[in-house]
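Presented below is the structure to which this report refers.
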Amino acid sequence: MLTSHQNQEYGSRTCIVGEEEHHKRVSYGVAVRQLRCRCTRTKVAATGGIVFTFLVCITLLSIFYQPRIDQKPGISNQQKENVGDWNSTRLSTDVRPDSYVLYMHPNLTTFTFSGWVNITVSVTSNTNNIVLHAQNLNISQEKITLTTKDGKKRLGVIKTDSDPDEKEYFIQFSEALNAKQQYVLHMEFSGLLRDTMYGLYNSSYKNDKGETRYLATTQFEAAHARAAFPCFDEPSFKAKFSLSMVRDPRMHNVSLFNMPKKSSETLANGLVVDHFEESVKMSSYLVAFIVCDFAKITANSTGGTQVSVYAPPHLISQAEYALDVASKVLSYYEEFFGVAFPLPKQDLVAIPDFSAGAMENWGLITYRMTAILYEEGVSDSSDKEWVAVVIAHELAHQWFGNLVTMKWWNDLWLNEGFATFVEYLGSDHYNSRWHMFDQFFLKDARIALGRDALSSSHPISAKVTSAEQTEEMFDTVTYSKGASIIRMLDSFIGRDRLRKGLTAYLKKYQYGNAETSDLWHELTEVSHPVDVEAVMNTWTNQKGYPVVHVTRKGNQLILSQERFLLYPKAKAKKKESPYNYIWQIPITISFQGQISKKLLTKEEDTVVLPLLTRPGWLKLNHEQTGFYRVNYDEEGWSQLTRILLQNYTALPTADRAGLLEDAFNLARANLVNITTALEMTQYLRGENEFVPWGVTLSNMLYLYDMLWGNEQAFNLYKKYMLSLMDPQIKRLGWERQPNEGHLANLMRLKILSLAVELGHNETVSRAMKMFNDWMLRDKPIRADYRSIVYKAGVSKGGEREWDFCWKKYLAESNDAEKKKLLIAMTFTKNIDKLSRYLQYALDPTKIKKQSAIQVLAGMSRNHAATALVLAYVKQNWDIIYERYGEGSFEIGRLIEKTTQTLHTQRDYVQLKNFFKANAEKLGTGEVASKQALESIKANIFWIKNCQDATVTWLQKKLS
Ligand code: BES
Ligand code: ZN
C-alpha cells in the first residue's frame with residue numbers, strides 16, 4: 001500500500017512544492033469554546049482614569065466561570081419580556097460610536113485582564129437603551145455611567161442584560177438619550193487571558209535559555225474585539241481608538257498598538273502605563289495591541305513610513321527578509337493605488353501561537369512564525385515565496401479592507417478577494433522571477449473552479465446573518481474566486497482602467513464603508529462603454545460558473561453556456577439564481593494564436609470569424625484569465641490534442657495547463673470522455689514548464705485517490721505516471737542548474753516528491769541515502785530537499801525513522817522546519833505510529849493547537865491512514881468542536897480534507913448519518929459538511945463513468 005501525497009492537493013488553495021504546503025486562510029488554530037460568565041461582577045478600580053488596580057486571582061475567577069455544557073445559555077424569555085426583544089444579530093444604528101478611549105491591563109502573572117473604556121457615541125434617534133457587543137467579559141454593572149459629552153448630565157442605569165449567543169450586552173437608562181446629542185459611555189470589565197487565539201489571548205515561546213516567555217496579543221477578526229472590551233463590533237461602526245496599556249517592565253519591555261507610543265509613566269506599584277496616539281477612523285476588527293519582550297528591526301518606506309518587524313530576540317535575524325519585502329511592497333502599493341499609507345508606522349509581528357496565517361490589523365500586522373520568518377539554509381524556496389505572498393496580502397488590506405471596509409460581512413470578498421489578487425501584484429513586484437501571475441491559475445483559479453463546481457457552493461456576495469456564518473465566509477469562494485474574477489476583469493478592461501477605477505473607489509470611500517456595487521460603479525465610470533456592473537453582477541450575485549460549449553461551422557462559432565457542476569445531478573433550478581445561471585462572459589478566442597474577443601451575454605450566441613474557414617486549431621479563454629471552462633466538439637478536442645503532442649509550444653503555457661484542467665473536469669461531469677484528458681497527458685513527457693505539470697499532477701492525483709483500493713488499476717496508474725515523469729526526472733536531476741528559474745526549481749521539487757511517493761527506485765534510494773546520512777551521520781540536507789527526504793525516510797522507513805523525526809521535531813525551534821517534520825510524519829504506514837500520532841494531534845502538550853488540524857488533514861491524505869483518521873475525528877468530535885467549532889475555517893477544512901477521497905455509497909451514508917447526528921455541533925463547518933457529501937457523490941459519479949475507461953486506456957497504453 002502506498003502512502004498518499006500530503007502535498008498534492010486538489011481541493012483547496014495551496015502552494016505545493018516538494019512536501020511543503022502553504023494553506024491560505026487555513027487556520028490550524030483553536031477557538032476554545034466560550035466559557036460563559038454567569039454572575040461575576042468583578043470589581044475594577046480605576047483612579048484618576050489612570051491608576052489602576054486589579055485584584056482578582058485566577059482561582060476566584062475560575063470558580064465563577066463555568067463551561068457551557070448541556071444547558072443552552074442565554075437570557076430567559078422572562079428576562080426578554082421584561083426588556084423587550086432587544087437582542088438581534090445586528091446592532092441598531094440609533095447609537096453610533098465616534099471614539100473609544102481604552103485602558104487595558106493584560107496581566108501575564110494571573111492570566112487575566114481588566115480595563116475600562118469610554119466610548120463617545122452619537123445618537124441618531126431617541127432611545128433609552130444601548131446595545132453593544134461583549135463576549136466572556138465580566139462587566140461591572142454598577143460602574144457603568146453615561147454622561148452627556150459636555151459632562152453636565154448623567155443618566156442612571158436601570159437594567160443590564162446580556163445574551164451570550166449573540167454576544168451582546170444591553171443597558172437600559174432611566175431616561176431617553178436624545179437624538180443629535182453625544183454621550184460618553186463608561187464601562188469597566190475583566191476577563192481571562194487564555195490561549196484561545198482570539199480576542200485578547202496569551203501566547204508563549206521558549207527563549208534561547210529554554211525559558212518559557214509569555215506575551216499577550218489580540219486577534220479580533222471577524223467578531224472578537226468584543227471578547228477584549230465592550231464595543232460596537234460591526235465593520236461599519238468606524239471610530240477613532242486610543243489606548244493606554246499597562247505592562248510589567250520586569251517581564252515586558254515592549255507594548256504595541258495600531259498607532260505609535262506617545263508617552264509612558266511608571267505607577268507606584270512599579271507597573272508601566274504606555275499611552276498611544278489616537279488612531280484614524282477604523283473598524284473594531286482591525287484594532288490590535290500586544291505586550292511582549294520582542295526585539296525589532298526597522299527601515300523606512302519611500303513614503304517615509306517607519307516599517308518594523310518584531311520577533312522573539314533569538315529569532316530576530318530571521319526577520320531581515322520580511323523587513324525588506326514589507327518596506328518595498330508598501331512603497332509600491334502607495335504608488336500603485338495612488339493613495340498614501342496614512343499611518344506613521346507599520347509593524348509586523350511574529351506571533352508564536354496564531355490561528356490564521358496572518359492578520360492585517362491597521363499598522364500592526366500579526367503573523368504566524370512561518371509566514372514571516374525566513375532563515376537561509378533552513379527555509380526552502382517555497383517558504384521564501386510564501387513569506388512574501390503573505391506580507392503582500394496583508395499590506396494590500398491596508399487599502400482594501402482597512403482604508404475602505406465592506407459595509408457588512410456579506411461583502412467580505414471585497415477584503416479577501418481583493419487582497420488575494422493584489423498579493424500577486426505585490427509579490428510579483430518584489431520578485432518578478434517568481435512569475436507569480438503564471439502561478440495564479442495553479443494556486444487560485446483552478447482551486448476556485450473546483451470548489452465552485454459544487455451545487456452547495458455560495459455566491460461571492462452571500463447572505464450573512466450570524467457570527468458563525470461570518471466565520472464560514474473565509475473560504476475558497478471568497479478568496480480564490482474573488483481574486484479570479486478580479487483577474488478576469490483586469491484582462492477584460494485592462495490594467496490601466498482597473499487601477500484608475502480602484503484609485504477612485506479608494507479615494508471616494510476612504511475611512512468609510514462600501515459595498516460591491518460601489519466598486520463596480522467606480523470601475524464602470526472609467527471603462528466606458530463597458531458596463532462593468534452588469535457584467536460583474538452575474539459573477540458575484542450567483543454561485544457557480546459556466547462551461548462554454550463551442551462548435552465550429554464554416555466561418556461561424558456557435559457558443560452556448562450552462563452552469564458547470566461536478567455532480568450534474570445536483571443541478572439546482574434555474575430560477576434559484578437572479579440571472580438564471582447565465583453569465584456575462586468576457587470570451588477570448590485564439591485561432592492559431594490570433595485573438596478575437598466577444599462578450600457572451602446570452603445562453604447561446606454566434607460569432608462570425610472569417611479566419612475560421614481556414615484549417616487550424618482554436619482555443620478559448622486565452623491564457624486562462626477567464627473564470628469558466630470550455631468544451632469543444634470532438635474535432636476541436638482532437639485538434640488541440642494533436643497540437644500538444646506535435647508542437648505544444650504553439651500554445652502559451654497557461655493554455656496548455658488550462659486544456660488539461662478543463663478536460664479532466666469535464667470528464668468528471670461526464671461532458672467528455674476521460675480518455676480525452678488522458679490522451680493529452682502524454683505530451684507531458686516533453687513538457688518542461690511547471691504550471692502544466694502542476695495542474696496535471698493535481699488532476700492525476702484525483703485519479704490516484706479514486707483508483708486506490710483497486711489494485712490492478714492502481715498499479716497501472718503508477719506505472720503510467722512514472723513513464724510520464726521519467727524523462728523529466730532525468731532532465732531535472734537533483735542539482736540546481738546555474739541561472740535556473742524559480743519555477744524550474746519548484747517543478748523539480750514537485751516531480752521528485754511524487755517520484756518518492758510512487759516508488760521511483762532511483763529517487764527513493766537517493767532520498768533514503770540522504771535521510772540516513774542525516775539520521776546516522778548528522779549530515780545536513782539542503783533546505784529545498786528536506787520535505788522530500790523526510791517523507792521518503794518516514795514512508796519507506798519504519799519506527800526508527802519516525803522516532804527520529806519526532807525527536808527532531810521536539811528539539812527544533814524553527815517553525816518552518818518543525819512544520820516539515822510534522823507533515824513528514826503523517827506519511828508513515830506503521831499503524832501504531834499512526835494511532836499514536838492521532839492522539840498527539842489533539843494533545844496540546846505535544847502538538848500546538850495551531851498545528852493540530854494540519855496534522856489530521858495531512859494524515860488523511862495518507863491512504864494507510866484515511867479510514868483511521870476519519871474514525872478518530874468522529875470519535876473525538878466533541879473535543880474538536882469544543883476547540884475549533886467557532887474558529888474561522890479550521891473545522892470546515894478538517895471536514896473537507898478528511899472526507900475528500902471517499903468514494904463509496906457506504907462512505908456517503910455513514911458520513912451523512914454522522915452529520916445528521918451532530919447537526920447541532922457542526923459550528924463553522926456547516927457548509928463544508930454539505931460540500932463534503934456532494935463531493936462524495938461526485939466521486940461515486942466519477943467511479944461510475946470514468947473508472948473502467950481509465951483502466952482500459954491505461955492497459956492499452958502500457959501494453
Ligand atoms: N484577514 C485574514 C485573516 C483572518 C482569516 C482573520 C479568517 C479572521 C478569520 C488575513 O488577511 C488572511 O487572509 N490571511 C491568510 C493569509 C493570506 C496570504 C491568504 C491566512 O491567514 O491564511
Ligand atoms: Zn486577507
Side-chain angles (χ1 to χ4, degrees), residues 215 217-218 243 253-262 274 276-280 282 286-290 292-313 315-351 354 357-376 379 383-403 419 422-431 506:
L215 56 140
T217 183
T218 57
L243 174 75
N253 56 341
V254 177
S255 70
L256 299 166
F257 176 54
N258 303 79
M259 296 296 287
K261 197 188 284 181
K262 201 162 57 180
D274 298 310
F276 296 89
E277 282 171 28
E278 186 180 54
S279 77
V280 294
M282 61 192 274
L286 292 168
V287 173
F289 38 88
I290 299 171
C292 64
D293 66 348
F294 286 177
K296 74 159 171 173
I297 50 174
T298 302
N300 278 328
S301 75
T302 26
T305 308
Q306 204 179 65
V307 182
S308 307
V309 184
Y310 288 82
L315 301 176
I316 194 67
S317 65
Q318 297 176 27
E320 294 287 349
Y321 171 65
L323 184 64
D324 186 51
V325 176
S327 39
K328 286 181 179 147
V329 173
L330 189 76
S331 308
Y332 167 67
Y333 285 164
E334 292 196 299
E335 180 200 312
F336 184 84
F337 295 132
V339 179
F341 180 70
L343 309 185
K345 62 99 177 172
Q346 177 66 264
D347 296 331
L348 294 82
V349 189
I351 307 289
F354 197 76
M359 175 65 209
E360 70 265 25
N361 316 302
W362 212 348
L364 183 57
I365 309 177
T366 42
Y367 295 81
R368 202 177 254 242
M369 307 299 244
T370 47
I372 188 167
L373 299 181
Y374 173 79
E375 189 180 0
E376 190 69 45
S379 312
D383 295 332
K384 191 168 189 177
E385 184 193 296
W386 176 243
V387 168
V389 164
V390 183
I391 291 175
H393 178 102
E394 306 309 335
L395 287 176
H397 277 310
Q398 309 300 306
W399 285 263
F400 286 93
N402 300 10
L403 187 62
V422 174
E423 92 198 17
Y424 282 86
L425 292 172
S427 46
D428 182 60
H429 172 82
Y430 181 72
N431 189 343
L506 289 170

Below 30° counts as parallel, above 60° as perpendicular, anything between as tilted: where do the rings of H397 and H393 land? perpendicular
Classify the ring geometry between Y374 and Y321 as parallel (under 30°), tilted (30 to 60°) or perpendicular (over 60°). tilted
What residue among I365, N402, V325, V307 forms side-chain contact (heavy atoms from CB on, under 4.5 Å) with L395? I365
Got a second to check how far [X]'s [atom1] is from [Y]'s [atom2], nearest 0.5 Å?
X	Y	atom1	atom2	answer
L215	I290	CG	CD1	7.5 Å
I351	F294	CD1	CZ	5.5 Å
S327	Y430	OG	OH	8.5 Å
Y310	L256	OH	CG	4.5 Å

Worked check of side-chain contact (heavy atoms from CB on, under 4.5 Å) between V280 and W362: CA-CA 10 Å; V280 294; W362 212 348; 3.3 Å; yes
ring-ring contact (aromatic ring centres under 6.0 Å, His included) partners for Y367, two or more places apart: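 With sequence neighbours excluded, Y367 shows a ring-ring contact (aromatic ring centres under 6.0 Å, His included) to no residue whatsoever.
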Residue pair [X] / [Y]: nearest heavy atoms and the distance that separates them:
X	Y	result
I372	A322	O-CB, 3.4 Å
N258	A288	OD1-N, 3.0 Å
V309	A319	CG1-CB, 3.5 Å
E423	V389	OE2-CG1, 3.4 Å
A392	V329	CA-CG1, 4.2 Å
A311	L373	CB-CD2, 4.2 Å

Provide the full list of salt bridge (charged side-chain N to carboxylate O under 4.0 Å, His left out) pairs with a residue in residues 317-338, sequence neighbours left out, each pair given once.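 Sorted pair list: D324-K328.
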Residues in side-chain contact (heavy atoms from CB on, under 4.5 Å) contact with [X], at least two apart in sequence or another chain:
X	value
F337	Y333, W399, F400, V422, L506
D428	S432, M436, F437
S317	none
N300	Q306

All salt bridge (charged side-chain N to carboxylate O under 4.0 Å, His left out) counterparts of K262, not counting sequence neighbours: none
Listed partners of [X] passing side chain to side chain donor-acceptor pair (under 3.5 Å), at least two apart:
X	answer
E394	none
S331	T302
T366	N361
S279	none

Does some side-chain heavy atom of T298 sit less than 4.5 Å from a side-chain heavy atom of K296?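 Side chain of K296 against side chain of T298, heavy atoms only: contact under 4.5 Å found.
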T370 and D383: side-chain contact (heavy atoms from CB on, under 4.5 Å), yes or no, with the steps? CA-CA 8 Å; T370 47; D383 295 332; over 6 Å; no
Passes side-chain contact (heavy atoms from CB on, under 4.5 Å), V287 versus M282? Steps please. CA-CA 8 Å; V287 173; M282 61 192 274; 3.9 Å; yes
Pairs of donor and acceptor atoms involving the side chains of residues 340-350, under 3.5 Å and at least two apart or interchain, shall be tabulated with distances.
residue : atom : partner : partner atom : Å
K345    : NZ   : F257    : O            : 2.5
K345    : NZ   : D347    : OD2          : 2.6
K345    : NZ   : G363    : O            : 3.1
Q346    : NE2  : Q398    : OE1          : 3.3

side-chain contact (heavy atoms from CB on, under 4.5 Å) between F276 and S255, worked out: CA-CA 10 Å; F276 296 89; S255 70; 3.4 Å; yes
